[in-house]
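Here's the structure we're looking at; comments come further down.
Reminder, nothing fancy here: chain letters follow the sequence lines and each chain counts from 1.
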2 protein chains.
Amino acid sequence: MRISELSRVSGVSIATIKYYLRAGVLGPGRHTARNQAQYGDAHAHRLRLIRVLMDVGGLSLAAVSDVLDAIDDNRLPLHRLMGVAHHALGPHATAAPAPDVTEAQSDVGELIERLGWKVSARAPARGALAEALVALRRLGYGGGVEVLAPYAELAGELAGRELTTVATGAGRHEVVEHVVVGTVVFEAAFVALRRLAQEHHSAVRFAGG
Amino acid sequence: MRISELSRVSGVSIATIKYYLRAGVLGPGRHTARNQAQYGDAHAHRLRLIRVLMDVGGLSLAAVSDVLDAIDDNRLPLHRLMGVAHHALGPHATAAPAPDVTEAQSDVGELIERLGWKVSARAPARGALAEALVALRRLGYGGGVEVLAPYAELAGELAGRELTTVATGAGRHEVVEHVVVGTVVFEAAFVALRRLAQEHHSAVRFAGG
DNA sequence: GAAGACTAGATAGTAGCACTATCTATTTAG
DNA sequence: CTAAATAGATAGTGCTACTATCTAGTCTTC
C-alpha cells in the first residue's frame, strides 16, 4: 500500500508517518521509484505498536525507539529484554541523587535481597522505589521499607502469573513483542483497576463522613 | 523566612518558586513591604508536596494545581476527593473515543458491576482501562475483559488494605493530604515493585533461553 | 498525453510545558 | 551609605511531538 492508505488504516496522519520514518521508529518502505514506496501490514502493525506504547504506556518517542530496537535485536537474550523495556519506561535519574535517596536505595536493595529477587543493580525501578520512599519521609509520613512488604508480595504474585501466559510456541519476535506489550499494557490496566478499586473503597469508607 | 531561605530548605530555585507563586500552586507569603514577604513552614511543606506530586506522581503543574485546590477545598466531601485526585492523575480523553473504545467502555462497565464496585460513571480510569483493552485487541492479542479479573481481584485487595491505614484521628486537612499522597506515592511504588518482580521472574524463566 | 492527484524528502514552523533570565523599583542589612 | 536581596513583570530557553510548506518527480484517469 502507499502512504495515504497506510495513514488511513492506521489512523496516523501522513505528516506524522513521515516524522516517524525520519526518526527511525518506523522502517522505510520498499522503494519503487525515487518518490514512491510501498508499505505492508508490518508497517501498519508497527504503527499501532508505536501508538500503544506512547498512548497507553506513556513512553516518549525516544523510549519507543529504544524498545523497538530491543525487540528487533535478535542477539539480545530474552531475559534481558525486560530490562530494556523497563529502562525505556524510565524515568531515569538525571542528576546525582540526594543523600537521602542514596540511603533509601540501600533500603530497597535489602528488601530485594530479602525477597530473594534477582534484579539488575542498575534497574531504574530501584531508583523509582527509593524516590517513593523518600517522598513519604520528606512529607512526614515515616515508615521504613517494611511498609512495602505487602505490596511486594502482591507484585510478585502478579508478575509470576503474568509470565506464564507468554506463548512459548511462537517465534522469538512474537514472544518478545508479547512480553513488551504485556508489560506496558497490563501495567496501565492494573493502575486503572487500582484507581477504580480505590474509588470504590473510598466511597464506601467515607460516604456520609 | 524569606524567599532565599525557602529556596534553600526546599531545594527549589527562587525563580521556580516565583513561577509557582504566579501559577497559584503556592500561596503568597505574608507581605511586610512592597517587595518583601515572609514564608513559613507551610510554604516549605507545600513545595515538597508539589515536587512529590510532579516527580513521583508524574503530574503536570496544572494537575497539581487541581489536586491542591481539592485538598484546600473544605467543602469537598472526603469521598469525592479520590475522584478529583484520579481525575488530575489523568490522562483525560481529549477527542471523541474511537468506536472500538466505546465498546470496550461497556465491557469495563460490566466488569465493574460484576465486581460490585461503586465507581463514578465519569471516572477517567474507566477510559484508561478501555484503552488498554483496545490496545490489546488492536495488536492482535485478543481476550475479553475476563483477562482482567485476577488483576481486579488483587487491585481490590490492595486498595482495601491501603485505606485502613489512613489516620482517622487527625484533622480533615491531614487526612485529605494523606489520602492523596498515599494514592500517588504507593501507586508509583507498586509500579516499581511490579517491574522489579517482573525482572526477577523474567530472569528466572528465560535465563539460558 | 495532459491535467491533476499523489509522493519522498528536505526544511522550517508551531504549540505546549516547565522553567530560567533579566530588569526595575524598591527594601534591608551591615 | 552601600551592597545584597526582593517582588513583580516580561521575555527568553530547551525540549517534545508534531504540522506545514516546498520542490522535484511519479501515478492515474480521461
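- The side chain of Arg2(A) has dC27(D) as its nearest neighbour among dC27(D), dA17(D), dT20(C).
- Ring pair Tyr141(B)/His178(A) is tilted by interplanar angle, where 30° to 60° counts as tilted.
- At whole-Å resolution of the value, CG in Asn35(A) and C1' in dG25(D) are 4 Å apart.
- Among dT27(C), dT26(D), dG9(C), the nucleotide with an atom closest to any side-chain atom of Arg34(A) is dT26(D).
- Residue Tyr19(A) has its side chain nearest to dA17(D) when only dA17(D), dT7(C), dG8(D) are considered.
- In this structure, the nucleotide among dG25(D), dT28(C), dT7(C) sitting nearest to the side chain of Ala33(B) is dT28(C).
- Listed candidates were dT26(C), dT6(D), dT20(C). Nearest to the side chain of Ala15(B) is dT20(C).
- With sequence neighbours excluded, the residues forming a salt bridge (charged side-chain N to carboxylate O under 4.0 Å, His left out) with Arg46(A) are Asp72(A), listed by chain and number.
- A 4.5 Å side-chain heavy-atom check between Phe190(A) and Leu148(B) finds every atom pair outside the cut-off.
- At whole-Å resolution of the value, CG in Leu21(A) and P in dA17(D) are 16 Å apart.
- With sequence neighbours excluded, the residues forming a salt bridge (charged side-chain N to carboxylate O under 4.0 Å, His left out) with Glu187(B) are Arg194(A), Arg195(A), listed by chain and number.
- In this structure, Asp55(B) places its CG atom 13 Å from C1' of dC19(C), rounding to the nearest Å.
- To the nearest 0.5 Å, atoms CG (Asp41(B)) and CG (Leu47(B)) are separated by 11.5 Å.
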Tabulate atom names and distances for all N/O pairs under 3.5 angstrom spanning the protein and nucleotides 12-15 of chain C.
none

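- Taking atom NE2 of His31(A) as the reference point, atom P of dA24(D) lies 19 Å away to the nearest angstrom.
- Among the nucleotides dT7(C), dC18(D), dT6(D), the one closest to the side chain of Ile14(A) is dT7(C).
- As a whole-Å value, the separation of Tyr20(A) OH from dA17(D) C1' is 8 Å.
- Gln38(A) places its CD atom 13 Å from the C1' atom of dA8(C), with the value rounded to the nearest Å.
- Listed nucleotides dA8(C), dT6(D), dT7(C) differ in distance to Gln36(B); the shortest reach to its side chain belongs to dT6(D).
- The separation between Leu53(A) atom CG and dA17(D) atom P is 13 Å, rounded to whole Å.
- The side chain of Thr16(B) lies closest to dT20(C), out of dT7(C), dT20(C), dA18(C).
- We find that CD1 of Ile17(A) is positioned 15 Å from P of dA20(D), with the value rounded to whole Å.
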